[in-house]
Amino acid sequence: MKKIEITTTLSVYDTIEELPLEVKELMMKAIGARKNAYAPYSKFRVGAALQLENEEIVVGNNQENAVYPSGLCAERVAIYQAGALYPKEPIKMMAISASSDIFNVITPIPPCGACRQSMFEYEENLQRPIEIYFMGETGKVVKADSVKDLLPLTFGKATLNNI
């Protein structure tokens with residue numbers, strides 16, 4: 001048996017005010033999108049904003065459904081919209097913000113596994129890492145330089161082509 005150690009490095013900003021201006025503006029778009037989320041069941045609202053290489057901004061928010069698996073997370077709503085509108089345009093960065101109607105979310109909330117996988121597909125297909133910034137409603141903001149920092153063991157085209 002052999003052990004493999006996987007490490008990753010993330011950057012942490014104490015507040016949104018510490019972010020570079022371009023990132024802060026993108027996070028403000030994510031916060032705006034979060035406020036329009038459709039979350040009548042979980043009461044947990046998430047907003048995402050993408051900045052594409054061509055400087056276009058695409059936003060998304062979580063969309064719940066009484067048939068729970070039919071809903072979509074904010075990150076995938078934004079990514080799929082970007083893919084539909086700008087299919088060949090790389091995603092430069094993504095900002096994510098989460099809040100609750102029940103309690104104050106002060107912990108940075110990263111994307112779920114399904115969203116990480118969808119984000120990885122775009123990184124892999126367009127061959128450009130996506131910077132990801134995520135936060136709760138207030139407080140610290142975490143930055144990952146690539147989806148691979150959040151999903152180190154990836155499953156993509158290369159995996160399927162090796163089967």
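Computation of the quantities below employed the complete heavy-atom set of this structure, encompassing side-chain atoms and omitting hydrogens, waters and symmetry-equivalent molecules. The first residue in the sequence is number 1, and the count goes up from there.
In terms of modelled atom types and a separation under 3.5 Å, the side chain of Arg116 and the main chain of Pro111 share a donor-acceptor contact. Here the side chain of Gln81 pairs no donor or acceptor atom with the backbone of Val58 at under 3.5 angstrom. Under a 3.5 Å cut-off, the side chain of Ser70 and the backbone N or O of Ala66 do not form any donor-acceptor pair. The backbone N or O of Ser146 sits less than 3.5 Å from a side-chain atom of Asp149, completing a donor-acceptor pair. Within the 3.5 Å criterion, the main-chain N or O of Ala37 finds no donor-acceptor partner in the side chain of Asn62. Checking side-chain atoms of Glu18 against main-chain N and O of Asp14 turns up a donor-acceptor pair under 3.5 Å. Of the possible donor and acceptor atoms, none in the side chain of Ser97 sits under 3.5 Å from a partner among the backbone N and O of Gly47.
No side-chain heavy atom of Val141 sits under 4.5 Å from any side-chain heavy atom of Val12. With a 4.5 Å cut-off on side-chain heavy atoms, Glu75 and Met94 count as touching. Side-chain contact between Ile130 and Asp145 is absent, with no heavy atoms from C-beta onward closer than 4.5 Å. Looking at Glu56 and Glu89, their side chains never come closer than 4.5 Å, going by heavy atoms from C-beta outward. Looking at heavy atoms from C-beta onward, Ile31 lies in side-chain contact with Ile16 at the 4.5 angstrom threshold. No side-chain heavy atom of Ile132 sits less than 4.5 Å from a side-chain heavy atom of Lys143. Between Val46 and Ile109, every side-chain heavy-atom pair lies at or beyond the 4.5 Å cut-off.
For the atom pair CD1 (Ile91) and CZ (Arg128), the distance works out to 10.0 Å, reported to the nearest 0.5 Å. The structure places SG of Cys73 at 9.0 Å from OH of Tyr80, a figure rounded to the nearest 0.5 Å. Atoms CG and CD, from Leu150 and Gln117 in turn, are 13.0 Å apart once rounded to the nearest 0.5 Å. Atom CD1 of residue Ile102 and atom NZ of residue Lys43 lie 7.0 Å apart, to the nearest 0.5 angstrom.
Shown here for Ala48 and Ala33, the closest heavy-atom pair between the two residues is O-CB, 4.2 Å. The shortest non-hydrogen separation linking Gly71 to Asn65 is N-CB, 4.1 Å. The nearest pair of heavy atoms linking Leu126 to Pro87 is CD2-O, 4.2 Å. Between Ala49 and Val59, the shortest heavy-atom contact is CB-CG1, 3.9 Å. Between Gly60 and Val77, the closest heavy-atom pair is CA-CG1, 3.8 Å. Minimum heavy-atom separation, Tyr41 to Tyr68: CB-CE2, 3.7 Å.
Ring planes of Tyr133 and Tyr13: tilted class, angle from 30 to 60°.
Taking 4.0 Å as the cut-off between side-chain N and carboxylate O, Lys24 and Glu17 count as a salt-bridged pair. Checked for salt-bridge contact, Glu22 and Lys92 meet the test: a charged N lies under 4.0 Å from a carboxylate O. Electrostatic pairing of Lys148 and Glu123 does not count as a salt bridge here, judged by no charged N lying under 4.0 Å from a carboxylate O.
Residues Met27 and Ile79 fall into different hydrophobic clusters, defined by Ile, Leu, Val, Met, Phe, Trp and Tyr side chains chained together at heavy-atom separations under 4.5 Å. A single hydrophobic cluster is not seen to contain both Val23 and Met119; linkage of ILVMFWY side chains at heavy-atom distances under 4.5 Å, directly or through other members, places them apart. Placement of Phe134 and Phe103 within a single hydrophobic cluster is found when ILVMFWY residues are connected by side-chain heavy-atom separations under 4.5 Å, directly or transitively. Hydrophobic clustering (ILVMFWY, side-chain heavy atoms < 4.5 Å, transitive): Leu50 and Val142 are in one cluster. Residue Leu151 is not grouped with residue Leu153 when hydrophobic side chains (ILVMFWY) are merged at heavy-atom distances under 4.5 angstrom, including chains of intermediate members.
Inspection of the Glu64 and Ser42 side chains reveals an N or O donor paired with an N or O acceptor under 3.5 Å. Side-chain contact, Gln63 with Asn61: a donor N or O sits under 3.5 Å from an acceptor N or O. No side-chain donor from either of Arg45 and Ser99 sits under 3.5 Å from a side-chain acceptor of the other.
Residue-environment remark: CD (Glu55) exceeds the threshold of 12 foreign heavy atoms within 6.0 Å. The neighbour count for Ile106 CD1, taken as heavy atoms of other residues, nucleotides or ligands under 6.0 Å away, does not exceed 12.
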